[in-house]
Amino acid sequence: MKNIFIYTNKSEASESCARDLAEKLKAENFTVQSEFSDSTEFVCVVGGDGTLMHAMRDCGYPATPFVGINTGHLGFYQEFHPQDLDELVGIIISGDYNVQSHRLLTADVKLAGGDVRSYQALTDVVFRGSMSKVTHLRLAIGDSFIENFSGDGIIVASSAGSTAYNYSLGGSIVDPRVSLLQITPIAPMNNKTFRSFTSSLLVPPGLDVHIYPEAGFTKSGYLIVDGEEYFFEDVEDVAIDLSEQTVNIVRLAGYDFWAKVKSKFL
């Protein structure tokens, strides 16, 4: 391995850490690239969890291993801190690490007139209406209609995203070795007029989740993909599933998911 790309969130702390890391890598005869390319063999991401997701998207979700150095807050996906750079360089040299693969989410937004916009995500896809109004949606799983939903919106999370926004909404934490989609309501309404599910639904990959704006209400809405927000008018259907495409995150040889959950959340 020779070619390494360092991606940062441009904060002062991250840029300083990236400079230190680049010096250490060059001292070991690595080539530190200024941008990601087909020749990149390893990506070091300096920042928080959001920075890691930005890096994957900006690089085009390649199979290249990504490793995180945490200069953010929670740092659930990161294995290293700025004081651990010598250890990081050591495991790159020795190869003494594991790679955790995550299947990506895919979201296809079908608009009136037949135009389709496609997106990918590591953690979750959210569909909601205006931030100040109730949204009314129809939810289907595969070919089965489930319900008319009223509330703030619906999130569909992968196992990798189960510990993120999904968990804050009361969804379940899922071991990343399990491939599934988790559908979790956001502030569901329950009264004499509107009845919505109040707990998460777990479905296997290959069984598309469909979200349709309900007839008689607005057909506009926000699609939020790994925190990136897109607004659409005249939405006919949002179809979400797990892709066969994966991304790879570096984990130390002794990594234990549930120990990480305990240290970060309990």
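None of the values given here were measured: they were computed from a predicted structure.
Not a single donor-acceptor pair under 3.5 Å links the side chain of Ser158 to the backbone N or O of Leu105. No donor-acceptor pair closer than 3.5 Å links the side chain of Asp152 to the backbone N or O of Ala187. Side chain of Ser263 to backbone of Lys260: a donor-acceptor contact under 3.5 angstrom is found. Between the side chain of Gln182 and the main chain of Ser162, no donor-acceptor pair closer than 3.5 Å is present.
Counted within 6.0 Å of CG on Asp38, heavy atoms from surrounding residues, nucleotides or ligands total 12 or fewer; the atom is thus considered open. The 12-atom threshold is not exceeded at CD of Glu12, counting heavy atoms of other residues, nucleotides or ligands nearer than 6.0 Å.
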Next on the checklist: Please evaluate residues Arg117 and Asp108 with respect to the criterion salt bridge (charged side-chain N to carboxylate O under 4.0 Å, His left out), reporting the C-alpha separation (whole Å), side-chain torsions for both, the decisive distance (0.1 Å), and the verdict.
Outcome noted: CA-CA 6 Å; Arg117 310 287 177 83; Asp108 293 327; over 6 Å; no
Next on the checklist: Between Phe76 and Phe265, is the ring pair (Phe, Tyr, Trp, His ring centres under 6.0 Å) condition met? List the steps.
Outcome noted: CA-CA 10 Å; Phe76 190 79; Phe265 296 107; 5.6 Å; yes
Item to check | Intermediate values then yes/no, salt bridge (charged side-chain N to carboxylate O under 4.0 Å, His left out), Lys2 and Glu41 | outcome: CA-CA 7 Å; Lys2 286 296 180 184; Glu41 298 167 273; over 6 Å; no
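Residues Lys219 and Glu233 are not paired through a salt bridge, judged by the lack of any N-O separation under 4.0 Å between the basic side chain and the carboxylate.
Relative to the six-membered ring of Phe145, Arg138 meets both conditions, a distance below 6.0 Å and an angle of at most 45° to the axis.
Atom CD1 of residue Ile240 and atom CD1 of residue Ile211 lie 4.0 Å apart, to the nearest 0.5 angstrom.
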Check residues 56-68 and write down every donor-acceptor pair under 3.5 Å in which the side-chain atom is one partner and the other belongs to a residue at least two apart or another chain.
unit_1	atom_1	unit_2	atom_2	d
Arg57	NH2	His54	NE2	3.2
Arg57	NH2	Glu228	OE2	3.3
Asp58	OD2	Tyr7	OH	2.6
Tyr61	OH	Gln120	O	3.2

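Phe42 has its ring centre less than 6.0 Å from the ring centre of Tyr97.
Under 3.5 Å, the side chains of Gln33 and Ser39 contain a donor-acceptor pair of N or O atoms. If you check the side chains of Thr40 and Asn3, you find no donor sitting under 3.5 Å from an acceptor.
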